[in-house]
Trainee: 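I am attaching a structure below and will ask some questions about it afterwards.
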Amino acid sequence: MSGLSRGTGALSASPPVALTIAGSDSGGAAGIAADLTTFAAHGVHGACVVTAVTAQDTTGVRDVHAVPTANVEAQLAAVLDDLTVAAVKTGMLGTAQAVVSLSEAWGARSRSRPPLVVDPVLVATSGAVLGGEEVRRAYVEHLLPLATVVTPNRDEARALTGHDGRPEELAALLTELGPAVVVTGGDPEASGLCTDWLAIPGGDPVPLTHPAVVTRNDHGTGCTYSAALAAQLARGADLTAAARAAAAYTTRQLTLSQTWTLGRGRGPIAHTGGTV
Ligand SMILES: Nc1ncnc2c1ncn2[C@@H]1O[C@H](COP(=O)(O)OP(=O)(O)O)[C@@H](O)[C@H]1O
Ligand SMILES: Cc1ncc(COP(=O)(O)OP(=O)(O)O)c(N)n1
């Protein structure tokens, strides 16, 4: 045996790499924290491009610092120049400039592009606005047409379409921009069920229904779902299987954190409980 320690574990193949482009949540519930821990739970190596730094806890968002666009671009170039990325997800992008810059960088890539999951973060659970009207418009005009799949919750789907229809109608409308769509959520307290609507361009929207978890600890749920979806795609799942698996994973994390008491407000969803 040489002087080098070989460790005790079996040799393993390199994991797939997923990249999150998102903001940080100082409370560790949403954003980059949720994404990287969710990637890890799926056996996927996580790279990250930080777009915004939020001073945030379980009760709300106190401050937002947008990372300068030139630095966001440099982070993205560093990751893509070096790592073979199998899937990308975007979360809070924060400014219209960041949305446009990312769209241009993505559109300009000549090599094959991995699946791009866009979680169009506009508003947090606490009601804090994380992306205003200019950001909304930039998503619609620039980024959504480049996405593989977009994962708005019902409020975001209404905002993006400018319509107040049923979620399956909103999902179908958004596919007209090009991507597949999962409109997430539902009315868990009323029905005991959550129904996400998956629409693939050219097909009829399909309901994906699962039991609802009654919990106050749901901060970071949308981030966790979209990160799990990206991780599944990085592992090679097809979109329908990935959407089902991501919802199952998210439900399991909500169940695990159901009895937690962390913070004074909407506590964090668990991120890495159980195995995938
Ligand atoms: N109470 C709940 N019980 C089980 N699943 C849930 C619950 N709330 C949301 N989900 C699921 O979590 C995922 C993210 O949805 P959603 O909560 O709409 O995101 P966001 O946090 O962006 O509003 C979806 O698959 C949705 O069905
Ligand atoms: C930095 C940051 N990014 C995203 C969100 C929104 O999180 P999300 O999981 O969509 O939903 P909430 O549970 O926060 O509504 C955030 N709050 N912060």
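Counting starts at 1 for both ligands and their atoms, following the listed order.
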Trainee: Check Glu134 with Arg137, please: is the shortest side-chain N to carboxylate O separation under 4.0 Å?
Mentor: no
Trainee: Quick one: which of Ala157, Pro167, Cys194 has a heavy atom closest to atom 10 (N) of ligand 1?
Mentor: Cys194
Trainee: Report the part of Asp196 (side chain from C-beta onward, or backbone N, CA, C, O) that has a heavy atom under 4.0 Å from ligand 1; answer both or neither where that applies.
Mentor: side chain
Trainee: Considering only heavy atoms of Leu254, which atoms of ligand 1 have at least one such atom less than 4.0 Å away?
Mentor: 2 (C), 3 (N), 4 (C), 5 (N), 6 (C), 7 (C)
Trainee: So is Thr250 close enough to ligand 1, meaning a heavy atom under 4.0 angstrom away?
Mentor: yes
Trainee: Do me a favour and list the nearest non-hydrogen protein atom to atom 5 (C) of ligand 2 with residue, atom name and distance?
Mentor: Leu130 CD1, 3.6 Å
Trainee: With atoms numbered from 1 as shown, which atoms in ligand 1 lie under 4.0 angstrom from a non-hydrogen atom of Tyr225?
Mentor: 13 (C), 14 (C), 25 (O)
Trainee: Does even one non-hydrogen atom of Pro211 get within less than 4.0 Å of ligand 1?
Mentor: yes
Trainee: Within ligand 2, which atoms have a heavy atom of His219 less than 4.0 Å away?
Mentor: 12 (P), 13 (O), 14 (O), 17 (N)
Trainee: Which atoms of ligand 2 have any heavy atom of Asp218 under 4.0 Å away?
Mentor: 13 (O)
Trainee: With a heavy-atom distance limit of 4.0 Å, tell me whether Ser24 approaches ligand 2 through its side chain, its backbone, both, or neither.
Mentor: backbone
Trainee: With side chain to side chain donor-acceptor pair (under 3.5 Å) as the test, would you mind laying out the steps for Ser226 and Lys89 before giving the verdict?
Mentor: CA-CA 7 Å; Ser226 52; Lys89 86 146 256 194; 2.9 Å; yes
Trainee: Could you tell me which atoms of ligand 2, counted from 1 in the order shown, lie closer than 4.0 angstrom to a heavy atom of Ala30?
Mentor: 5 (C), 7 (O), 16 (C), 17 (N), 18 (N)
Trainee: Which residue and atom name correspond to the protein heavy atom nearest atom 1 (N) of ligand 1, and how close is it?
Mentor: Val213 O, 2.8 Å
Trainee: Where the closest heavy atom to atom 15 (O) of ligand 1 is concerned, which of Leu122, Thr184, Asp119 has it?
Mentor: Thr184
Trainee: Taking the non-hydrogen atoms of His210, is any one of them nearer than 4.0 angstrom to ligand 1?
Mentor: yes
Trainee: Give me the residue, atom name and distance of the protein heavy atom closest to atom 8 (P) of ligand 2.
Mentor: Cys223 SG, 3.6 Å
Trainee: Pull out every atom of ligand 2 sitting under 4.0 Å from any heavy atom of Thr221, numbered as shown with elements.
Mentor: 9 (O), 13 (O)
Trainee: Do the non-hydrogen side-chain atoms of Val64 and Thr54 ever get within less than 4.5 Å of each other?
Mentor: yes
Trainee: Counting distance only, does the side-chain N/O of Thr148 pair as donor-acceptor with the main-chain N or O of Leu116 below 3.5 Å?
Mentor: yes
Trainee: Taking the non-hydrogen atoms of Gly220, is any one of them nearer than 4.0 angstrom to ligand 2?
Mentor: yes
Trainee: Taking the side chain from Asn217 and the backbone from Trp260, do they hold a donor-acceptor pair closer than 3.5 Å?
Mentor: yes
Trainee: Are any of the N/O atoms in Gln56 less than 3.5 Å from those in ligand 2?
Mentor: yes
Trainee: Considering non-hydrogen atoms of the protein only, which is the closest contact for atom 11 (O) of ligand 2, and what is the distance?
Mentor: Thr125 OG1, 3.9 Å
Trainee: Identify, by atom number and element, the atoms of ligand 2 in contact range of Gly31, meaning under 4.0 Å from any of its heavy atoms.
Mentor: 3 (N)
Trainee: Using a strict 4.0 Å cut-off to heavy atoms of Met92, name the atoms of ligand 2 that fall inside it.
Mentor: 1 (C), 3 (N)
